[in-house]
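Data first, discussion second: the structure below is written as structure tokens.
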Amino acid sequence: MDDQRYHKLRGQMIIKQLIPRGINDERVLEAFRKVPRHLFVDSRHQAKAYGDYPLSIGLDQTISQPYIVALMTQSLELKGHEKILEIGTGSGYQTAILSELVEHVYTMERLPSLSEKAAQTLQELGYQNISFRSGDGTGGWPDEAPFNGILVAAAAAKIPQTLLDQLASGGRMVIPVGSPLFQKLTLVIKDETDLKEQNICGCRFVPLIGSENTD
Ligand code: SAH
């Protein structure tokens, strides 16, 4: 398939999967128009990359469904100046979307081979405002904290306190919280005095495996 065909599939993904479900932030939609999602999956899955579902990226991990990536991104209400922490780099697709929308993305992945592959893909595509770290992200990235936004792409039993501590005042965090089979996609908004939690929708993510995610 050529680039033009993939461009067309991206347009259809936006019109059929994102806009009808309430993704209306024009900057978010523009990022989805631009990022070549098919380059973040294995070559044998490329024709399916713009489908309305997650896909395997190997090692029992998945690239999230486009709508879920869009919903999580939109809920952070990004304006362009932000410093963002992402836990669970996976394929690097969500990282690329964030990179289009903010000043700098700090992304952590516990599986070194996925981290290396994502870094290579993103470098080849010319992204320069991303820092990668391979390791357990439940402890956050203390030397770069606080962050204006934190996006966790794996299912937590509860919200890691360390991540809450690393969220800036006025910041937003989106994280799936619940059991291994079903979670609530949760938005946390931090202001000077307290934390507010909102339930966005039900979801199912691969588990967050780390020292600060024990029951
Ligand atoms: N947004 C990614 C989704 C990746 S799936 C994408 O669209 O490609 C979630 C990822 O979180 C997996 O790659 C998994 O290895 C990683 N992960 C799980 N627990 C983690 C932890 N404690 N720290 C960092 N990464 C973790």
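What you see is a predicted model, and the numbers here were worked out from it, not measured in a lab.
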Report yes or no: does [X] contribute a side-chain atom to a donor-acceptor pair with the main-chain N or O of [Y] at less than 3.5 Å?
| X | Y | answer |
| --- | --- | --- |
| Arg10 | Arg33 | yes |
| Lys190 | Leu164 | yes |
| Ser56 | Gly58 | yes |

Is a salt bridge present between [X] and [Y], judged by a nitrogen-to-oxygen distance below 4.0 Å?
| X | Y | result |
| --- | --- | --- |
| Lys16 | Asp52 | no |
| Glu103 | Lys83 | no |
| Glu86 | Arg133 | no |
| Arg27 | Glu30 | no |
| Asp42 | Arg44 | yes |

What heavy-atom pair brings [X] and [Y] nearest, and what distance separates the two atoms?
| X | Y | result |
| --- | --- | --- |
| Gly90 | Ala118 | O-CB, 3.7 Å |
| Glu82 | Glu77 | OE2-O, 4.0 Å |
| Ala70 | Leu18 | CB-CD2, 3.9 Å |
| Ile159 | Val177 | CG1-CG2, 3.8 Å |
| Pro160 | Ile175 | CD-CD1, 3.8 Å |
| Asn129 | Val102 | ND2-O, 3.2 Å |

Atom [atom1] of residue position [X] - does it have more than 12 heavy atoms of other residues, nucleotides or ligands inside 6.0 Å?
| X | atom1 | result |
| --- | --- | --- |
| Gln128 | CD | no |
| Asp191 | CG | yes |
| Asp194 | CG | yes |
| Gln4 | CD | no |

Assigning hydrophobic clusters by single linkage (Ile, Leu, Val, Met, Phe, Trp, Tyr; side-chain heavy-atom cutoff under 4.5 Å), is [X] placed with [Y]?
| X | Y | result |
| --- | --- | --- |
| Trp141 | Leu111 | no |
| Ile97 | Leu39 | yes |
| Leu85 | Phe205 | no |
| Tyr106 | Leu122 | no |
| Leu163 | Leu208 | yes |

Quick one: does [X]'s side chain get under 4.5 Å of [Y]'s, heavy atoms only?
| X | Y | answer |
| --- | --- | --- |
| Ile87 | Thr138 | no |
| Ile200 | Ser75 | yes |
| Ser134 | Glu116 | no |
| Phe32 | Met13 | yes |
| Glu109 | Phe132 | no |
| Asn24 | Gln74 | yes |
| Ile84 | Ile150 | no |
| Val174 | Val152 | no |

Inter- and intrachain pairs under side chain to side chain donor-acceptor pair (under 3.5 Å), touching residues 174-186, at least two apart: none

Residues Met173, Leu187; criterion side chain to side chain contact (heavy atoms under 4.5 Å, CB included); working and verdict: CA-CA 6 Å; Met173 167 163 24; Leu187 174 66; over 6 Å; no

Stepwise side chain to side chain contact (heavy atoms under 4.5 Å, CB included) test for Ile23 and Leu29: CA-CA 7 Å; Ile23 305 301; Leu29 293 172; 3.7 Å; yes

Derivation and outcome, side chain to side chain contact (heavy atoms under 4.5 Å, CB included), residues Leu98 and Thr73: CA-CA 7 Å; Leu98 290 170; Thr73 308; 4.3 Å; yes

Does the side chain of [X] come under 3.5 Å of the side chain of [Y] through a donor N or O and an acceptor N or O?
| X | Y | answer |
| --- | --- | --- |
| His104 | Ser131 | yes |
| Tyr50 | Gln17 | no |
| Thr89 | Thr107 | yes |

Trace of the side chain to side chain contact (heavy atoms under 4.5 Å, CB included) decision for Ile189 with Gln198: CA-CA 8 Å; Ile189 303 173; Gln198 285 172 25; 3.7 Å; yes

Gap separating the [atom1] atom of [X] from the [atom2] atom of [Y], nearest 0.5 angstrom:
| X | Y | atom1 | atom2 | result |
| --- | --- | --- | --- | --- |
| His81 | Leu101 | NE2 | CG | 12.5 Å |
| Asn199 | Cys201 | CG | SG | 7.5 Å |
| Ser115 | Arg110 | OG | CZ | 12.5 Å |
| Tyr67 | Cys203 | OH | SG | 11.0 Å |
| Gln161 | Asp165 | CD | CG | 4.5 Å |
| Gln166 | Asp143 | CD | CG | 9.0 Å |

Geometric class of the Tyr93/Phe40 ring pair [parallel <30°, tilted 30-60°, perpendicular >60°]: perpendicular

